[in-house]
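Structure first, then comments.
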There are 2 protein chains.
Amino acid sequence: MKPDAHVDDSAESLEDALVRIAYYVVGMLTRVGAENDLSLTQLRVLGILRDRRGRVTDLAAYLGLDKSTMSGLVDRAERRGLLARDRNPEDGRVVDVFATPEGVELAHRLLSQIRRELAPWLEPLAPEQRAQLAGLLRPVVDEAERLTIRSVRGGR
Amino acid sequence: MKPDAHVDDSAESLEDALVRIAYYVVGMLTRVGAENDLSLTQLRVLGILRDRRGRVTDLAAYLGLDKSTMSGLVDRAERRGLLARDRNPEDGRVVDVFATPEGVELAHRLLSQIRRELAPWLEPLAPEQRAQLAGLLRPVVDEAERLTIRSVRGGR
DNA sequence: TATTGTTATACTCTATAACTATA
DNA sequence: TATAGTTATAGAGTATAACAATA
């Protein structure tokens, strides 16, 4: 670990490239969300609940948010008809959140649009290079996930 | 909550991997910012102004924000002693924003910490693989930048 | 007239603390 | 007592519209 890594700006590190691509991706996601009147967080919640239900606390933990924040997010999405709540029959304290048909429909459209927005960024790479990039990125994403400690209890 | 809830499907695409890694990176940046009482946006502004000055409008354009939003961000950072404003001598309408010595110092510390946080994610890759990943990521980042049309004058 | 920046306003996002209901 | 969720509160982030100062 070189302590003065920040001093050397001439050679860009892989770490810096990851930060930069992250900013571009999130910028695109924010724009796509805004075009559909969704914040980045709402976009993400909708994506998560596209094909499963989740408890308020689990969703909050997964997103790294407080449960009260999650409550508000679900409130607003519910008011817009994108999400809905169910009392959990097995535990009266629990509230299961899920996407309405409109929510699911919107989530699918958003997912397609996001992939379409991202595709042109990969144009400079040949097909074999894309496969190579995917293969190299996968272990990094997996490790990031592993190291990102957040109580993730059984969704479904 | 299952980890890659927001993407899906049997065969994960490279596009999905980019979205996932972006969420993890931004999650880490948000956490590092929070540990220093900075929002993700403030963290980014400070990073940008670490080694240059910029006009309010240019900064806003670069970040994809309204100039009024930028005004507020600078207000709060100025109140904390991290940023400061200068009247531009050549054009009386323009306000140049720059980091104070404290701001520069904090920005350097944050940059180091961010690189330190990211490094472990790359552990699964051998040194040659990291070089390979960096080489494949670079054209993608460059293309993302090229396609992300935002008038960026002065600064970078 | 056009541009630069600020202010007023109205949201959303966010966490903390206090609360209710259930276990 | 402990857990799940909501509500009250306060502050930050955000855009739109109106404004002042300068060009």
Side-chain angles (χ1 to χ4, degrees), chain A residues 26-27 29-46 53-80 82-98 150-151 153-155, chain B residues 1 26-27 29-31 33-46 53-80 82-98 151-155:
Chain A
V26 166
L29 292 174
T30 302
R31 177 173 52 73
V32 169
E35 289 168 4
N36 292 273
D37 283 302
L38 290 173
S39 71
L40 181 63
T41 308
Q42 294 278 10
L43 182 81
R44 200 175 175 193
V45 171
L46 197 57
R53 357 179 97 212
R55 319 175 158 204
V56 172
T57 298
D58 288 346
L59 287 166
Y62 179 60
L63 295 172
L65 300 171
D66 190 84
K67 56 187 179 167
S68 65
T69 300
M70 202 63 232
S71 251
L73 286 166
V74 174
D75 277 350
R76 289 182 289 275
E78 193 172 31
R79 233 176 286 135
R80 288 185 52 181
L82 300 175
L83 299 182
R85 284 180 236 237
D86 255 354
R87 216 75 222 190
N88 185 307
E90 282 150 30
D91 186 334
R93 298 169 300 182
V94 171
V95 168
D96 291 321
V97 185
F98 60 98
R150 267 176 197 155
S151 60
R153 296 181 24 210
Chain B
M1 257 328 74
V26 165
L29 293 173
T30 302
R31 177 173 52 74
E35 287 168 6
N36 292 274
D37 283 303
L38 291 173
S39 71
L40 181 64
T41 309
Q42 293 277 9
L43 181 82
R44 199 175 176 194
V45 171
L46 198 57
R53 358 178 96 213
R55 319 174 159 204
V56 173
T57 298
D58 288 346
L59 287 167
Y62 182 61
L63 295 173
L65 300 172
D66 190 85
K67 56 189 178 165
S68 66
T69 301
M70 202 63 231
S71 250
L73 287 165
V74 174
D75 277 350
R76 289 182 290 273
E78 193 173 30
R79 233 177 285 135
R80 289 186 50 181
L82 300 176
L83 299 182
R85 283 181 237 237
D86 255 355
R87 213 77 224 187
N88 186 308
E90 283 150 29
D91 186 333
R93 298 170 298 181
V94 171
V95 169
D96 291 320
V97 186
F98 59 99
S151 61
V152 177
R153 298 191 13 222

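In what follows, every chain begins at residue 1, and chains take the letters A, B, ... in the order their sequences are listed.
- Here D/dG5 presents its C1' atom at 13 Å from CG of A/Leu59, a figure rounded to the nearest Å.
- Between B/Arg53 and B/Asp86 the shortest heavy-atom distance is NH2-OD2, 3.2 Å.
- Between the P atom of D/dG13 and the CG atom of B/Leu46 lies a distance of 13 Å, rounded to the nearest Å.
- Residues passing the side chain to side chain donor-acceptor pair (under 3.5 Å) test with B/Ser68, sequence neighbours excluded: B/Asp66.
- Judged as a salt bridge (charged side-chain N to carboxylate O under 4.0 Å, His left out), and not counting sequence neighbours, the contacts of A/Arg93 are A/Asp91.
- Among the heavy atoms of the strands, none lies under 4.0 Å from B/Arg79.
- At a threshold of 4.5 Å between non-hydrogen side-chain atoms, the residues B/Leu83 and B/Leu46 count as touching.
- Looking at A/Met70 and A/Val45, their side chains come closer than 4.5 Å, going by heavy atoms from C-beta outward.
- Using a 4.0 Å cut-off on heavy atoms, none of the residues of residues 33-41 of chain A approach DNA chain D.
- Going from atom CG of A/Leu43 over to atom P of C/dC13 covers 11 Å, rounded to whole Å.
- Note on B/Gln42: a side-chain N or O is less than 4.0 Å away from OP1 or OP2 of D/dG13.
- For the pair A/Asp37/A/Arg80, a side-chain contact is recorded, criterion being any heavy-atom separation below 4.5 Å from C-beta on.
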Using atom names, set out every protein N or O paired with an N or O of nucleotides 7-10 of chain D below 3.5 Å, distance rounded to 0.1 Å.
none

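- Residues meeting the side chain to side chain donor-acceptor pair (under 3.5 Å) test with B/Asn36, sequence neighbours left out: none.
- Here the shortest heavy-atom pairing between B/Lys67 and B/Val56 reads O-CG1, 4.0 Å.
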Atom pairs, N/O to N/O, protein against nucleotides 20-23 of chain C, distance under 3.5 Å?
{"unit_1": "C/dT22", "atom_1": "O3'", "unit_2": "A/Gly92", "atom_2": "N", "d": "3.4"}
{"unit_1": "C/dA23", "atom_1": "OP1", "unit_2": "A/Gly92", "atom_2": "N", "d": "2.9"}

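- Counting only heavy atoms from C-beta outward, the side chains of B/Thr69 and B/Leu63 never approach each other to under 4.5 Å.
- Between A/Val74 and A/Val95, the closest side-chain pair of non-hydrogen atoms is not below 4.5 Å.
- When all heavy atoms are compared, the tightest approach of B/Asn88 to B/Glu90 is OD1-N, 2.7 Å.
- Between the CG atom of B/Leu73 and the P atom of C/dC13 there is a distance of 17 Å, given to the nearest Å.
- Taking atom CE of B/Met70 as the reference point, atom C1' of D/dT16 lies 18 Å away to the nearest angstrom.
- When the P atom of C/dT3 is taken as reference, atom CG of B/Asp58 falls 14 Å away, rounded to whole Å.
- The distance from atom CG of A/Asp96 to atom P of D/dT3 is 19 Å, rounded to the nearest whole Å.
- Remark: B/Arg76 is in phosphate contact with D/dG13, judged by side-chain N or O atoms under 4.0 Å from OP1 or OP2.
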